[in-house]
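Below, each value reflects all heavy atoms present in this structure, side chains not excepted, and no hydrogens, waters or symmetry copies. When a ligand or atom number is given, it counts from 1 through the structure's own listing order.
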Amino acid sequence: MDARPVGAGRARQNAIYRAGAFGRRPKVPTDPTALEGAARRSMSGDAWAYVAGGAGDGATLRANRAAYERWQIVPRVLRDVSHRDLSVSLFGRSLPTPLLVAPIGAAGLVRRHADVLIGRAAAAVGVPYILSSQGSSPMEETAAAMGSSPRWYQLYWSTDEALVDSFIRRAEGMGAEALVVTLDTTMLGWRPQDLDRGSLPFARGIGIAQYTSDPRFKELVRERVADGGAARDIAGPRPRVTAGAVRTLATMARETPGPFVDNLRSPLPRAAAETFMAIFAKPSLTWSDIATLSSRTTLPVVLKGILHPDDAIRARDLGVAAVMVSNHGGRQVDGAVGSLDALVDVVAALGGAGSTTIPVLLDSGVRSGADVVKALALGAAAVAVGRPHVYGLALDGAAGVQAVLENLFAEVDLTLGLSGLSSVAELDPTILRRA
Ligand code: FNR
């Protein structure tokens, strides 16, 4: 037995091979394509379409992956890599890995209490979980399941400013360490996979738990029901009684706080879904709205969905704590720039890899440890993982999410060491060449 310290990578390999020697194969595949395939087989058609789908023809999804293919790692040898340090520091907190769990709305399509399960898994590995505004559990419940482990809150800016303030207050109250404002979804992108099924989770009351648990939102729903004009499109006309309509009403009743039977009889669950659809996002959002945050919260503000270097500079000049380069996993603008390509330009605009004036975070298309290493080498301070953790959730609940995160972490560790580096701090563009 090797007495020297083994890093996360070797420990994970050993655990998997040891179990394999006794006939146990991993429930959650380590191969990204196999993970996706296994998850697909375990998910409903609507859930798969929502999670895996992208905007339009899927060109941005492809661009996200193609960008990683264009960079190759050039490993160095004969360096002592027996100790490896994967920690990074963000907003004054030291984190064991350069990974973040991306905010995913409506994960309740995949499993009930999805956010609580994801939160538990993220806490088990010490990876910050960015709780979504479109969460499937109230943020306080998810936070309670995470103990003191780091969590951030992702904000969709509603047209109702009092609701924005309420979300911010609740995020501060549940211990969020950063406020991530998503800028690329002032409207939903054109998503054929969902459109062709006529399927949007929120319209069925899935993914609106932050709203239905919010005092300001409840006020808005009551106002909407009380308002004669709005009441007509909420309480009636009643949908035609089909199996689908009955299922939707049952889902809405189940997803709304309070006794199921009372909810079935009440107009409120339907009114909540309608109210959400009316106020969810603000297409008129501008830089001046973002400027108001300095007086509305003490949390570090992260702007998510930055792709153009000029927007990154403007964000930095406005005083935000970090930007997150992201195209929302290819779900918003079809034909958009791959996020890794955008990262290169954003990092250059902010001072270059290793010396950006504010941290640059990244997501969209990250599938392997090698992807993480490339992104960090190109100047990302940390990297968020989206769909893969949802696939883990589909396959094995919290344990599945944990497996995905541990596999990714293990592969980062091994790739780093096998490239001749002992810490992520040593990563810079010199370890890469253009393919
Ligand atoms: C998302 N994303 C997202 N982003 C956000 O800010 N708030 C949200 O509620 C959601 N919801 C959401 C649902 C689903 C099903 C997906 C796949 C994505 C975007 C997400 O945070 C992240 O940017 C992408 O998932 C990253 O791309 P990959 O890793 O999925 O390729």
Using modelled atom types and a 3.5 Å cut-off, is there a donor and acceptor pairing between side-chain atoms of [X] and backbone atoms of [Y]?
X    : Y    : answer
R433 : V74  : no
Q332 : M187 : yes
R331 : G53  : yes
T248 : R204 : no
S364 : G329 : yes

Got a salt bridge between D371 and R65, using NZ or NE/NH1/NH2 to carboxylate O under 4.0 Å?
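Yes, charged N to carboxylate O under 4.0 Å.
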Would you indicate which of [options] comes nearest to [atom] when only heavy atoms are counted?
atom                    : options          : result
atom 4 (N) of ligand 1  : R367, Q154, K304 : K304
atom 17 (C) of ligand 1 : Q134, R331, H328 : R331
atom 1 (C) of ligand 1  : G386, P103, G329 : P103

Describe, in one word, how the ring planes of Y156 and H328 are oriented to each other, choosing from parallel (under 30°), tilted (30 to 60°) and perpendicular (over 60°).
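Parallel, since the angle between the ring planes stays under 30°.
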Can you pull out the closest protein heavy atom to [atom]? Residue, atom name and distance to 0.1 Å, please.
atom                    : result
atom 23 (O) of ligand 1 : D363 OD2, 2.7 Å
atom 9 (O) of ligand 1  : S132 OG, 2.7 Å
atom 11 (N) of ligand 1 : G105 N, 2.8 Å
atom 5 (C) of ligand 1  : Y156 OH, 3.3 Å
atom 6 (O) of ligand 1  : T182 OG1, 2.7 Å

Does the pair V125 and T97 meet the rule for a side-chain contact (heavy atoms from CB on, under 4.5 Å), with working shown?
CA-CA 9 Å; V125 278; T97 82; over 6 Å; no
Mind checking whether R387 has an N or O less than 3.5 Å away from an N or O of ligand 1?
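Such a contact does occur with ligand 1.
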Do R434's NZ or CZ and the ring of W71 fall within the cation-pi criteria of under 6.0 Å and 45°?
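Positive - R434 is close enough to the ring of W71 and near enough to its axis.
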Counting each atom of ligand 1 from 1 as listed, which ones have a heavy atom of [X] under 4.0 Å away?
X    : value
S326 : 23 (O)
G365 : 27 (O), 28 (P), 29 (O), 31 (O)
Y50  : 15 (C)
V51  : 15 (C), 17 (C)
S364 : 26 (C), 27 (O), 31 (O)

For ligand 1, does I104 get within less than 4.0 Å through its side chain, its backbone, both, or neither, judged by non-hydrogen atoms?
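Both the backbone and the side chain of I104 come within reach of ligand 1.
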I'd like to know if S133 contacts ligand 1, where contact means a heavy-atom distance under 4.0 Å to any ligand atom.
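Contact absent.
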CG/N407 to OG/S368 distance, rounded to the nearest 0.5 angstrom?
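N407 CG to S368 OG: 12.0 Å, rounded to 0.5 Å.
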